[in-house]
A.B. asks: 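Below is the structure I would like to discuss, written out as structure tokens.
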2 protein chains.
Amino acid sequence: MNEQLAVGSAPQSVSDLLERLDATAGDMPKRLRDCASFTRRHLHLIAVSTVSDMARASGVAPSVYMRFCQALGFSGYSEMQSLFRARYTEFRPDYQERLATLEKEGVVGTGRLLADFAESGHRSLISLANTVTNESLDRIARGIASARVVHLVGLRRAFSVVSNMAYLFDQLGVPATLHYGVGMLNARGAIFPGDVVFAVTFAPFSPEVVRLVEAAAGQGVTVFGLTDSERCPVAEWATEMLIVREDEVAGFRAPTAAITLTTALAVAVSAVQRQS
Amino acid sequence: MNEQLAVGSAPQSVSDLLERLDATAGDMPKRLRDCASFTRRHLHLIAVSTVSDMARASGVAPSVYMRFCQALGFSGYSEMQSLFRARYTEFRPDYQERLATLEKEGVVGTGRLLADFAESGHRSLISLANTVTNESLDRIARGIASARVVHLVGLRRAFSVVSNMAYLFDQLGVPATLHYGVGMLNARGAIFPGDVVFAVTFAPFSPEVVRLVEAAAGQGVTVFGLTDSERCPVAEWATEMLIVREDEVAGFRAPTAAITLTTALAVAVSAVQRQS
DNA sequence: TCCTGGACGGAATTTTTATTCCAAACAGGT
DNA sequence: ACCTGTTTGGAATAAAAATTCCGTCCAGGA
């Protein structure tokens, strides 16, 4: 009486999927474990790839990948894929209709809210892994590591991001200055050649930050930027830009991806410094 | 001998596409202009949608959307789509090869670091969803919503968390004060009955925050707390405590779960206020 | 009013993709 | 070494998508 059908129901969210994956991957046959391993590291590809793509990338036959989806509780690849595609569309079929329900559910019911934000965090992290390249992160880490001091600049939504960096740099012994809005004008005088500016600004971009970046670049100071849009004016003066897009819930965004990225960056800087 | 083939070559990049779109949209027939209009506003959908999806969303028949793609210089929808999918896959074929290089870099190299932190973020979010109950979040939201003003207190690692809350409360029109370390002693005098204190502190706990909480509670002010351990001394004075545990990478933690939780909380507060 | 050329969208066709099936290979136990 | 239940991947099938075709509709000109 061997009942192994873990099937029950298909995961309804990325959280569900990840939990199920971790819970069952250990007991899977070899090739399915290959699927699990690749898939876990490249979740973001699912939305834009075909089964054969994923199968080839995992080093298995399409039919094997198919079984993998089913082992996770999905009816097939399409169902699993729709989980990831839903994030971009926010309303696939009949979006008029779903939009209405979204509005209706609204911001009410805080229970749902937390789950929504957690889910949204997962999505932001998935997209983060996909958009930021190791190379540019590495170049920035080296740039910061060799600076006399790094100036952290960010206002509004970006401020929590830079304040987190400031804390980490402090802990790690990396010389850093956190610029507060109030002191910004004075701060310009404190930036010298050999320093580096790390500026964070999200659309709509803070003019103060842009002005500071412009002034710093004018002095020949290296600028790195973090933003959420290709159109960010900081890009014009920056040696290197990082772009992360946060997923949103009812118009609100938590800076999950930005904080994660900058935390990794801070640790990377310290690693580079320790190497030399 | 009217050859009107504007085709020439297909756009090779998103910029090309946008240029072509803006240049030609004006001269297009009505329905094609509908396509252009919707597509311009929802470029990101192309990667994950079918022709019929895009056609329906644009309010036209699939064959019309097809002609739209061709008017832009593509051979069809698939070619246009591949332009957007390429962004995510960064070179479709030969995942094998890319995977190999990824694995080879190994544990060193910042590439792996970012992936590790992203992974760690997923874990933090999963644990967040499992440990925090909707009820306590709801009670805190109501408590804050009915306060004259909410005092946000947090130092070190917690500071980015409260600064994010401060930004959100400001945006949402919820009266809030962000307490900076420097002004903290003075700030005590600014807390009155009818206020609420929201204190964030992670182990090892900041004595300044604990003292402030103690003083506030002594005055009969309601205190809510967010921390990462049952042992947190704030619990003694707090009406309600939130506990989140962050996953760590090599001893470093990003405040992913805490930020996600407090963002949800801020939105919940605003929802409660709007209801009444 | 009639004619003409382009625009339109439903239906047919072709191509691609997902999914299932099955024979061969395999691992573990006897 | 032999049997047995599982895993595997190629081939067959089903489903869905993209793309083309073509009859109808509409606007503008004679």
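Note that the coordinates shown come from a computational prediction; the quantities given were computed from them, not determined experimentally. Naming: A, B, ... by sequence-line order, numbering from 1 per chain.
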A.B. asks: If the plane angle is over 60° it's perpendicular, under 30° parallel, otherwise tilted; pick one for A:Tyr77 and A:Tyr65.
C.D. replies: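 A:Tyr77 vs A:Tyr65 ring planes: perpendicular.
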A.B. asks: Checking side-chain polar atoms at under 3.5 Å, does B:Thr50 have a donor or acceptor matched by the opposite partner on B:Asp53?
C.D. replies: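 Side-chain D/A pair, B:Thr50 to B:Asp53: present.
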A.B. asks: Side-chain N or O of B:Ser78 versus OP1/OP2 of D:dT19: is the shortest distance under 4.0 Å?
C.D. replies: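 Yes, within the criterion.
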A.B. asks: Let me know the distance between CE of A:Met54 and C1' of C:dA18, rounded to the nearest Å.
C.D. replies: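 The distance from CE of A:Met54 to C1' of C:dA18 comes to 15 Å, rounded to the nearest Å.
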A.B. asks: Rounded to the nearest Å, what distance is computed from the CZ atom of residue A:Arg56 to the C1' atom of nucleotide C:dT17?
C.D. replies: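 So the CZ-C1' distance, A:Arg56 to C:dT17, works out to 13 Å.
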A.B. asks: Please state how far atom CD in A:Gln81 lies from atom P in D:dA16, giving the value in whole angstrom units.
C.D. replies: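 Distance, rounded to whole Å: 14 Å.
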A.B. asks: Return the polar atom pairs (N/O with N/O) between nucleotides 26-28 of chain C and the protein under 3.5 Å, or none.
C.D. replies:
none

A.B. asks: State, yes or no, whether a side-chain contact exists between A:Asp228 and A:Arg253 at a heavy-atom distance under 4.5 Å.
C.D. replies: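 Sidechains of A:Arg253 and A:Asp228: in contact.
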A.B. asks: Just compare D:dT8, C:dC8, C:dG10 and give me whichever is closest to any side-chain atom of B:Ala61.
C.D. replies: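 Nearest listed nucleotide: C:dG10.
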A.B. asks: Name the pairs: protein N/O against N/O of nucleotides 20-24 of chain C, kept only if under 3.5 Å.
C.D. replies:
unit_1	atom_1	unit_2	atom_2	d
C:dT20	OP2	A:Gln70	NE2	2.9

A.B. asks: Just the rounded figure in Å: distance from P of D:dA16 to CD of A:Glu79.
C.D. replies: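 Roughly 13 Å, once rounded to whole Å.
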A.B. asks: Report the residues that fulfil side chain to side chain donor-acceptor pair (under 3.5 Å) with A:Ser136, sequence neighbours left out, ordered by chain and then residue number.
C.D. replies: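 Side chain to side chain donor-acceptor pair (under 3.5 Å) list for A:Ser136, sorted by chain: A:Thr133.
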A.B. asks: Counting only heavy atoms not in A:Arg156 (residues, nucleotides, ligands), do more than 12 fall under 6.0 Å from its CZ?
C.D. replies: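 Atom CZ in A:Arg156 is not crowded, with 12 or fewer foreign heavy atoms closer than 6.0 Å.
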A.B. asks: When the distance from CZ of B:Phe68 to P of C:dG6 is rounded to whole Å, what number comes out?
C.D. replies: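 Distance check: B:Phe68 CZ to C:dG6 P gives 21 Å.
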A.B. asks: May I have the distance from A:Leu32 (atom CG) to D:dT6 (atom P), rounded to whole angstrom?
C.D. replies: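 In whole Å, D:dT6 P lies 14 Å from A:Leu32 CG.
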A.B. asks: Mind checking side chain to side chain donor-acceptor pair (under 3.5 Å) for A:Gln81 and listing every partner two or more places apart, or none if nothing turns up?
C.D. replies: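 None.
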A.B. asks: Not counting sequence neighbours, which residues clear side chain to side chain donor-acceptor pair (under 3.5 Å) with B:Arg67? List them please.
C.D. replies: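 Checked B:Arg67 against side chain to side chain donor-acceptor pair (under 3.5 Å); zero matches.
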A.B. asks: Kindly say whether A:Ser120 contributes a backbone atom to a donor-acceptor pair with the side chain of A:Ser124 at under 3.5 angstrom?
C.D. replies: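 Yes, A:Ser124 side chain to A:Ser120 backbone: donor-acceptor pair under 3.5 Å.
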A.B. asks: Which whole-number value in Å describes the distance from B:Met28 CE to C:dG6 C1'?
C.D. replies: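 The answer, rounded to whole Å, is 15 Å.
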A.B. asks: Any side-chain N or O of B:Ser52 less than 4.0 Å from the OP1 or OP2 oxygen of D:dA17?
C.D. replies: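 For D:dA17, neither OP1 nor OP2 has a side-chain N or O of B:Ser52 closer than 4.0 Å.
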A.B. asks: Quick one: salt bridge (Lys or Arg N to Asp or Glu O under 4.0 Å) partners of A:Asp27, sequence neighbours excluded?
C.D. replies: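 Result, salt bridge (Lys or Arg N to Asp or Glu O under 4.0 Å) vs A:Asp27: none returned.
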A.B. asks: When the distance from OH of A:Tyr77 to C1' of C:dT16 is rounded to whole Å, what number comes out?
C.D. replies: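 Whole-Å distance recorded here is 14 Å.
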